[in-house]
> 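Below: one structure in structure tokens.
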Amino acid sequence: MISLRQALLTWYRQSGRTLPWRQTRDPYAIWVSEIMLQQTQVKTVLPYYERWLTLFSTVQALAIAEQQQVLKAWEGLGYYARARNLHRAAQAVVLKHNGVFPSDFATVMQLPGIGRTTAGGILSAAFNQPIAILDGNVKRVLARLLALPVPPKRAITQLWHCSEALIDPTFPRDFNQAIMDLGATVCTPQQPLCANCPWKEHCRAYNQGIQAELPMSETRVPIPHKVIGVAVIWNDQGQILIDRRRQEGLLGGLWEFPGGKVEPGETIEACIQREIREELGIEIAVGDRLIVVDHAYSHFRVTLNVHHCRHVSGKPQAIECDEVRWVALAELDQYPFPKANLQIIEALRKGSAKDEG
DNA sequence: GACCCGTGGTT
DNA sequence: TAACCAAGGGT
């Protein structure tokens, strides 16, 4: 056990990554990084992390910000509940803990958006507390170290015990960072670089030559494909109608161009007209197609058929959303949109620029 | 415990 | 191209 720890720590001090959130011990900054890194790769997070700490440099600054500012800063990162929970948790830290991030595991776990792995990640990194973690990297490393004969999801309890048994009681901060780096840079999902691994002598998978077969994969359900009709509705003032999605569920709190699912046998145009009547209570005329956007979410994929539309009658009502608003094209970038909708905005910009040019 | 929740990169 | 996967948590 001791030689395992020392081998990993020695490797880390030689080959570990230099990352901005390792240059600080500010619990808030480390917390922000841990939330952004959930299910998201380091390379993707880096620019968001730097910008976030410029916009919201303290937990107090985040707590007093408007949710729309917070979502705008998160725009493009995905899993937007992370941003909403981080915002709520910042308000809880200010109100319940006098703006001081708690150092007690059970208290940290109470904060929205922080589970067992994130709590351990923050407390070990910020306070050097010996609390184990079990993220995707650690699961893969341990599945190979143990030659786990089942998918990691079927052995969560065993993997937690293993992570707790392994963590170095003297250098828990470095140990947790080191095992994640090992998974990210050496014990990779495909073609692991076992020759460079400090644990190759201890790794059951390597010694059996089955490291490429592990961890065993989960059986996945095929993801459905939805065809969606989307409306860019113009009024006589040259404004566009957008709506804000409800807080709960997919893309909660973000703005979008209204629309909905095409029913079997229905044309795109008929779908758009029907959906706008049902969701906003107005009549429109459906015009030319603007763009077709294909986009993959985590559990389904969509094709957005986007059409220019003209407002005919009725005042838009927030029937199936939180808010509706008429906005100018130039104002759209003030609102947080999902990625698929940013492509629509780009298409509108190009069309507008072409008209002028 | 199963399902829901985004996006980008890689193969 | 389609499939797979990444510093998980909430319900």
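Per chain, numbering begins at 1; letters A, B, ... match sequence-line order.
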> For the C1' atoms, the ones on B:dG6 and on C:dA6, what distance do you get once it is rounded to whole angstrom?
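About 12 Å, rounded to a whole number of Å.
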> What's the closest nucleotide to the A:L250 side chain, out of C:dC5, B:dC5, C:dG8?
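Nearest nucleotide to the side chain: B:dC5.
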> When the distance from CD1 of A:I156 to P of B:dA2 is rounded to whole Å, what number comes out?
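A:I156 atom CD1 is separated from B:dA2 atom P by 12 Å.
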> Examine B:dG8: is either OP1 or OP2 under 4.0 Å from a nitrogen or oxygen in the side chain of A:K339? Give yes or no.
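Checking A:K339 against B:dG8: at least one side-chain N or O falls below 4.0 Å of OP1 or OP2.
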> Would you state whether a donor and an acceptor, one from the side chain of A:R154 and one from the base of B:dA2, lie under 3.5 Å apart?
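No, no donor-acceptor pair under 3.5 Å.
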> Mind checking A:I114 for me? I need base, sugar-phosphate or nothing, with any heavy atom below 4.0 Å counting as a touch.
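Contact class for A:I114: sugar-phosphate only.
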> Which part of the nucleic acid, if any, lies within reach of A:G113 when heavy atoms closer than 4.0 Å are counted: base, sugar-phosphate only, or nothing?
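Sugar-phosphate contact only.
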> Crowded around A:R289 CZ? As in, over 12 foreign heavy atoms under 6.0 Å?
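No, not enclosed.
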> Nearest-Å distance, CE (A:M109) to P (C:dG8)?
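From A:M109 CE to C:dG8 P: 15 Å.
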> I want to verify a distance call: between C:dA7, B:dT7, C:dC5, whose nearest atom is closest to the A:S217 side chain?
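Among C:dA7, B:dT7, C:dC5, the one nearest the side chain of A:S217 is C:dC5.
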> Would you measure the distance from the P atom in B:dC4 across to the matching atom in C:dA7 and give it in whole Å?
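One P to the other, the span is 24 Å.
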> Contact class for A:I35 vs. all strands (heavy atom < 4.0 Å): base, sugar-phosphate, or nothing?
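Since no nucleic acid heavy atom lies under 4.0 Å of A:I35, the category is nothing.
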> Considering only side-chain heavy atoms of A:Q41, which listed nucleotide, B:dG8, B:dA2, B:dG6, is closest?
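Closest nucleotide to the A:Q41 side chain: B:dG8.
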> Describe the nucleic acid contact of A:T40 in one word from base, sugar-phosphate, nothing, applying a heavy-atom distance below 4.0 Å.
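Base: the residue A:T40, judged by heavy atoms under 4.0 Å, touches a nucleobase.
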> From NE2 of A:H299 over to C1' of B:dC4, roughly how many Å is that when rounded to an integer?
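Interatomic distance, NE2 of A:H299 to C1' of B:dC4: 5 Å.
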> Starting at the 5' end of DNA chain B and moving along, which residue's nearest nucleotide shows up first, A:R82 or A:Q191?
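Looking at the nearest nucleotide for each, A:R82 comes out on the 5' side.
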> Contact class for A:R140 (heavy atom, under 4.0 Å): base, sugar-phosphate, or nothing?
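Sugar-phosphate only.
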> Figure out the CD1/C1' separation between A:I131 and C:dA7, and round it to whole Å.
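From A:I131 CD1 to C:dA7 C1': 16 Å.
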> Report yes or no: does A:T54 contribute a side-chain atom to a donor-acceptor pair with the main-chain N or O of A:E50 at less than 3.5 Å?
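Yes; judged by distance alone, with no hydrogens or angles, the pair exists.
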> For A:G183, report the nucleic acid contact type (base, sugar-phosphate, nothing); a contact means any heavy atom under 4.0 Å.
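It contacts nothing in the nucleic acid.
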> Check every atom of C:dG8, C:dA7, B:dT7 against the side chain of A:Q39 and return the nucleotide holding the closest atom.
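Out of C:dG8, C:dA7, B:dT7, the nucleotide with an atom closest to A:Q39's side chain is C:dG8.
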> Within the supplied structure, the quantity of interest is the number of heavy atoms (other residues, nucleotides, ligands) at a distance under 6.0 Å from A:Q14 CD; does it exceed 12?
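It does not: A:Q14 CD has 12 such atoms or fewer within range.
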> Counting only heavy atoms not in A:E323, do more than 12 sit closer than 6.0 Å to its CD atom?
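Yes.
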> Which is more 5' along DNA chain B, the nucleotide nearest A:T44 or the one nearest A:K153? Just name the residue.
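The answer here is A:K153.
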> In this structure, how many angstroms lie between the P atom of C:dC5 and the CD atom of A:E218, rounded?
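The distance from CD of A:E218 to P of C:dC5 comes to 9 Å, rounded to the nearest Å.
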> Rounded off to whole Å, could you give me the CD-to-C1' distance for the A:Q38 and C:dG10 pair?
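Interatomic distance, CD of A:Q38 to C1' of C:dG10: 11 Å.
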> Please indicate whether A:R25 has more than 12 foreign heavy atoms, meaning atoms of other residues, nucleotides or ligands, lying under 6.0 Å from its CZ.
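No, the 6.0 Å shell around CZ holds no more than 12 heavy atoms from other groups.
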> Please work out which of the three classes, parallel, tilted or perpendicular, describes the rings of A:W52 and A:W74, given edges at 30° and 60°.
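Rings of A:W74 and A:W52: perpendicular, over 60°.
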> How close or far is atom C1' of C:dA2 from atom CZ of A:F300, stated in whole angstroms?
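Between C1' of C:dA2 and CZ of A:F300: 18 Å.
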> Select base, sugar-phosphate, or nothing to describe what A:W21 touches, counting heavy atoms under 4.0 Å on all strands.
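Base contact - A:W21 has a heavy atom under 4.0 Å of at least one base atom.
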> When the distance from OH of A:Y297 to C1' of B:dC4 is rounded to whole Å, what number comes out?
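Rounded to whole Å, this separation is 14 Å.
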> Where the side chain of A:Y80 is concerned, which of C:dG9, C:dA7, B:dG6 is the nearest nucleotide?
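Closest of the options to the side chain of A:Y80: B:dG6.
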> Mind checking if A:L254 touches a base, just sugar-phosphate, or nothing, with heavy atoms under 4.0 Å?
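Touches nothing.
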> Tell me whether A:E218 at atom CD has more than 12 heavy atoms from other residues, nucleotides or ligands lying less than 6.0 Å away.
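More than 12 heavy atoms, drawn from other residues, nucleotides or ligands, come within 6.0 Å of this atom.
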> Just checking A:T118: base, sugar-phosphate only, or nothing, at a heavy-atom cut-off of under 4.0 Å?
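The residue A:T118 makes sugar-phosphate contact but no base contact.
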